[in-house]
S.K.: 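The structure under discussion is supplied below as structure tokens; questions concerning it will follow.
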Amino acid sequence: DTFCVNYATRIASDLSTNVWDASSFGEQLPQKNPNLTSFVSLTGSRPVPSGWTKGRKRILVVVMDWKSGDDTLSPYSRQAANPIPHYRDKIFPEVNRHFERMSFGQFGLDVTFVPEVIRYNRPRNRYSARKMPFPALYDGARESLQGQRGDYSFDAYDLVYVIAPQVQPVGTKGVAWVGMKGAMCNGCETISDNFKIMVAVHELGHNL
């Protein structure tokens with residue numbers, strides 16, 4: 001019926017939830033008569049592996065820029081010249097320090113940078129058929145990296161952080177999956193260093 005179709009559609013669209021189970025309700029479920037929103041809340045969960053929030057995690061950081069000559073969508077910001085040393089030497093040491101301090105030394109990041117800025121394979125308007133900036137530009141970064149370098153792979157790391165130029169909505173600075181790998185900054189080139197650090201800590205915290 002319509003309820004089942006809408007429930008299946010919600011499951012297919014919510015990639016951050018990886019377990020759906022109504023079996024524990026038994027015969028009590030008909031008496032509860034839930035609407036779709038409450039049923040989704042009751043049956044969906046995001047199990048976190050034991051110990052996931054402790055120890056060192058290997059993270060890959062990928063700094064992205066638009067395909068050369070791409071001006072298909074505004075705003076028209078681009079990465080700063082040679083941004084990787086700044087993120088490597090100033091921003092992510094502070095991100096790691098925050099995690100170590102908040103966890104009382106029980107959690108930290110071993111950070112690897114793709115050593116060059118990777119350009120998207122497609123014009124940015126080609127990504128707008130999916131939700132922007134996330135997951136469209138995150139998945140686009142994965143595709144572009146695979147097409148340009150064979151020595152780095154999202155699958156080889158516990159966490160991945162994509163730094164992409166700004167797109168609409170410009171008020172959204174960071175986005176991430178909850179309880180699983182996948183986070184990004186939207187337009188970090190437009191914000192202060194303190195804000196860059198805050199966005200990274202906040203979004204990577206969602207992954208844990």
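Given the structure is predicted, the values throughout are model-derived calculations rather than measurements.
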S.K.: Could I get the full list of ring pair (Phe, Tyr, Trp, His ring centres under 6.0 Å) partners for Y87, not counting sequence neighbours?
M.R.: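 If we apply the ring pair (Phe, Tyr, Trp, His ring centres under 6.0 Å) test to Y87, skipping adjacent residues, there are no hits.
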
S.K.: Measuring only between side-chain heavy atoms, which start at C-beta, is R149 closer than 4.5 Å to P115?
M.R.: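 Yes; the side chains approach each other to less than 4.5 Å.
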
S.K.: For the CG atom of D139 and the CZ atom of F154, what is their distance to the nearest 0.5 Å?
M.R.: 8.0 Å

S.K.: Could you tell me which residues satisfy ring pair (Phe, Tyr, Trp, His ring centres under 6.0 Å) with Y127, sequence neighbours excluded, listed by chain and number?
M.R.: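 Y127 satisfies ring pair (Phe, Tyr, Trp, His ring centres under 6.0 Å) with Y120 once adjacent residues are dropped.
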
S.K.: Could you tell me which non-hydrogen atom of M102 sits nearest to which non-hydrogen atom of V201, and how far apart they are?
M.R.: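 Looking at all heavy atoms of both residues, the closest pair is CE-CG1, 3.7 Å.
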
S.K.: Please report the interatomic distance OH(Y76) to CG(D71), rounded to the nearest 0.5 Å.
M.R.: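 Y76 OH to D71 CG: 6.0 Å, rounded to 0.5 Å.
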
S.K.: Grab the two heavy atoms, one from R78 and one from D70, that are nearest each other, plus how far apart they are.
M.R.: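 Nearest pair, atom of R78 first, then D70: NH2-O, 2.9 Å.
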
S.K.: Give a yes-or-no answer on whether the side chains of N194 and E94 include a donor-acceptor pair shorter than 3.5 Å.
M.R.: no

S.K.: If you apply the rule side chain to side chain contact (heavy atoms under 4.5 Å, CB included), what do you find for L145 with L60, and how did you get there?
M.R.: CA-CA 12 Å; L145 178 63; L60 180 67; 4.2 Å; yes

S.K.: Donor-acceptor pair, distance only, cut-off 3.5 Å: does the side chain of Q79 make one with the backbone of M64?
M.R.: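 It does hold such a pair.
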
S.K.: Could you state the interatomic distance from CZ (F113) to OH (Y152), rounded to the nearest 0.5 Å?
M.R.: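 If we round to the nearest 0.5 Å, F113:CZ and Y152:OH are 11.0 Å apart.
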
S.K.: Got more than 12 heavy atoms from elsewhere within 6.0 Å of CZ, R126?
M.R.: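 Atom CZ in R126 is not crowded, with 12 or fewer foreign heavy atoms closer than 6.0 Å.
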
S.K.: Roughly how far apart are R97 CZ and I197 CD1, rounded to 0.5 Å?
M.R.: 8.0 Å

S.K.: Test side chain to side chain contact (heavy atoms under 4.5 Å, CB included) on Q168 and V170; report intermediate values, then the result.
M.R.: CA-CA 5 Å; Q168 299 286 355; V170 296; 3.8 Å; yes

S.K.: Do R56 and E100 meet the salt-bridge criterion of a basic N to acidic O distance under 4.0 Å?
M.R.: yes

S.K.: List the steps and the verdict of side chain to side chain contact (heavy atoms under 4.5 Å, CB included) for I118 and V62.
M.R.: CA-CA 7 Å; I118 302 297; V62 189; 4.2 Å; yes

S.K.: Backbone N or O of K57 within a donor-acceptor pair of the D158 side chain at under 3.5 Å?
M.R.: no

S.K.: Out of curiosity, Q166 CD to C188 SG, how far, rounded to the nearest 0.5 Å?
M.R.: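 Going from CD on Q166 over to SG on C188, the span is 10.0 Å.
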
S.K.: Nearest heavy-atom pair of V167 and M132: which atoms, and what distance?
M.R.: CG1-CE, 4.1 Å

S.K.: Show your reasoning for whether side chain to side chain contact (heavy atoms under 4.5 Å, CB included) applies to M184 and E203.
M.R.: CA-CA 7 Å; M184 68 170 292; E203 300 309 331; over 6 Å; no

S.K.: Quick one: does R58's side chain have a donor or acceptor within less than 3.5 Å of a partner on A156's backbone?
M.R.: yes

S.K.: Which atom pair, heavy atoms only, marks the closest approach of W52 to L208?
M.R.: NE1-CA, 3.4 Å

S.K.: Check whether any side-chain heavy atom of R130 lies under 4.5 Å from a side-chain heavy atom of P135, and answer yes or no.
M.R.: yes

S.K.: Ignoring hydrogens, what is the shortest heavy-atom contact between V199 and K173? Give both atom names and the distance.
M.R.: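 Between these two residues, the closest heavy atoms are CG1-O, 3.7 Å.
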
S.K.: For L137 and A164, which heavy atoms make the closest approach, and how far apart are they?
M.R.: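 Closest heavy-atom pair between L137 and A164: CD1-CB, 4.3 Å.
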
S.K.: Evaluate the side-chain proximity of N186 to F134: yes if any heavy-atom separation is below 4.5 Å, no if none is.
M.R.: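 Of all side-chain heavy-atom pairs linking N186 with F134, none is under 4.5 Å.
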
S.K.: Between the side chain of N207 and the main-chain N/O of M180, is any donor-acceptor distance below 3.5 Å?
M.R.: yes

S.K.: Out of curiosity, H98 NE2 to L204 CG, how far, rounded to the nearest 0.5 Å?
M.R.: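 Going from the NE2 atom of H98 to the CG atom of L204 covers 12.5 Å.
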
S.K.: Is the backbone N or O of L109 less than 3.5 Å from a side-chain atom of N96, with the two atoms forming a donor-acceptor pair by type?
M.R.: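 Confirmed, N96 side chain pairs with L109 backbone.
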
S.K.: Do D193 and I91 have side chains that approach each other closer than 4.5 Å (heavy atoms only, starting at C-beta)?
M.R.: yes

S.K.: How about E189 and P165: do any of their side-chain heavy atoms sit closer than 4.5 Å?
M.R.: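 Yes, close enough: below the 4.5 Å cut-off.
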
S.K.: Is a side-chain donor or acceptor of K181 paired with a backbone partner of Y157 at a separation under 3.5 angstrom?
M.R.: yes

S.K.: Hey, does the side chain of S128 reach the backbone of N125 with a donor-acceptor pair shorter than 3.5 angstrom?
M.R.: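 Yes, because the side chain of S128 sits within donor-acceptor range (under 3.5 Å) of the backbone of N125.
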
S.K.: Taking the side chain as everything from C-beta on, heavy atoms only, tell me whether V175 gets closer than 4.5 Å to Y138.
M.R.: no

